[in-house]
Amino acid sequence: MLRKLFQTFRPQDPPQLPDPDAELALGALLVRVAKSDRDYKLEEISLIDRILARLYQHNAIEAAKVRATCEKLHAAAPDTDTFGKLIRETTGLEERLNALEALWEVVLADQDEDAGEARIVEDARKAMGLSYADSQTARAKVIEKNAQAANNLSS
């Protein structure tokens with residue numbers, strides 16, 4: 001079903017993309033958030049690689065390859081809901097909460113919460129079947145983690 005949906009939006013004879021699973025769906029959402037402000041920074045790319053490595057036990061090269069695939073999926077995907085629903089339907093609550101936290105990591109990577117980025121997270125949250133409170137908890141965790149990292153750097 002998803003393959004047909006994605007093929008509708010692909011140009012003729014593109015390289016064959018894999019059917020997205022929860023990992024690729026999350027990666028594509030992370031890329032979508034990072035690109036939403038039209039400023040896809042090296043710091044965001046590196047962060048996405050680190051998140052994929054952390055959540056899915058990849059080494060750096062594997063994570064970069066997954067991210068590159070996710071960039072292509074992001075470009076071919078019609079909307080955020082498709083990825084969010086895929087994550088909801090194929091993962092448990094804990095993994096969905098981790099995905100939501102990862103999305104907030106990318107939004108807050110530059111300490112500037114862009115409205116477009118936050119809107120994508122909100123759409124993904126709803127599609128993943130998570131509550132507003134879940135989102136606020138995930139956001140607070142990321143803010144706390146970023147503050148601790150900043151304190152460690154200044155020490």
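All heavy atoms count here, side chains included; hydrogens, waters and symmetry mates do not.
No donor-acceptor pair closer than 3.5 Å links the side chain of Glu95 to the backbone N or O of Gly92. In this structure, the side chain of Ser135 does not engage the main chain of Ser131 through any donor-acceptor pair within 3.5 Å. Judged by distance alone, with hydrogens and angles left aside, the side-chain atoms of Arg125 form a donor-acceptor pair with the main-chain N or O of Leu130 at under 3.5 Å. A donor-acceptor pair under 3.5 Å is absent between the side-chain atoms of Arg67 and the main chain of Glu62, judged by distance alone. A donor-acceptor contact shorter than 3.5 Å is absent between the side chain of Glu89 and the backbone of Leu86. Side-chain atoms of Arg88 come within 3.5 Å of backbone N or O of Ala127 as a donor-acceptor pair.
Atom CG in Leu55 sits 9.0 Å away from atom CD in Glu101 (nearest 0.5 Å). One finds the CG atom of Leu103 at 11.0 Å from the CG atom of Asp123 (value rounded to the nearest 0.5 Å). Taking CZ of Phe83 as the reference point, atom CG of Leu73 lies at 5.5 Å (rounded to 0.5 Å). Summarising the geometry, atom CD belonging to Glu44 is positioned 5.5 Å from atom CG belonging to Asp37; distances are rounded to the nearest 0.5 Å. To the nearest 0.5 Å, the span separating NZ on Lys35 from NE2 on His74 amounts to 5.0 Å. Annotation: the span from Glu122 atom CD to Tyr132 atom OH amounts to 7.5 Å, rounded to 0.5 Å.
Considering only heavy atoms from C-beta on, Ile143 stays 4.5 Å or farther from Trp104 through its side chain. Using a 4.5 Å heavy-atom cutoff, the side chains of Asp110 and Glu43 are not in contact. Looking at Leu30 and Cys70, their side chains never come closer than 4.5 Å, going by heavy atoms from C-beta outward. Inter-residue side-chain proximity for Val107 and Val142 is flagged as unmet; no heavy-atom pair is nearer than 4.5 Å. Contact annotation: the side chain of Leu26 never approaches that of Thr91 to less than 4.5 Å [non-hydrogen atoms, C-beta and beyond].
Across all non-hydrogen atoms, the minimal contact from Ile48 to Ala34 is CD1-CB, 4.0 Å. The shortest non-hydrogen separation linking Leu47 to Ala109 is CD2-CB, 3.6 Å. Closest of all the heavy-atom pairs between Ser36 and Asp114 is OG-OD2, 4.3 Å. The nearest pair of heavy atoms linking Thr90 to Ala22 is OG1-CB, 3.5 Å. Taking all atoms of both residues into account, the shortest heavy-atom contact from Ala99 to Met128 is CB-SD, 4.1 Å.
For Arg139, the salt bridge (charged side-chain N to carboxylate O under 4.0 Å, His left out) partners two or more places apart in sequence, or in a different chain, are Glu113.
The number of heavy atoms from other shown groups lying within 6.0 Å of NZ (Lys145) is above 12.
Here the rule is side chain to side chain donor-acceptor pair (under 3.5 Å) with Glu105, and of Arg54, Lys141, Arg50 only Arg54 fits it.
Inspection of the Tyr40 and Glu71 side chains reveals an N or O donor paired with an N or O acceptor under 3.5 Å. Asp134 and Thr137 share no side-chain donor-acceptor pair at under 3.5 Å.
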(request) Starting from the C-alpha separation in whole Å, work towards a yes-or-no answer on side chain to side chain donor-acceptor pair (under 3.5 Å) for Asp49 and Ser46. (result) CA-CA 5 Å; Asp49 289 353; Ser46 298; 5.7 Å; no
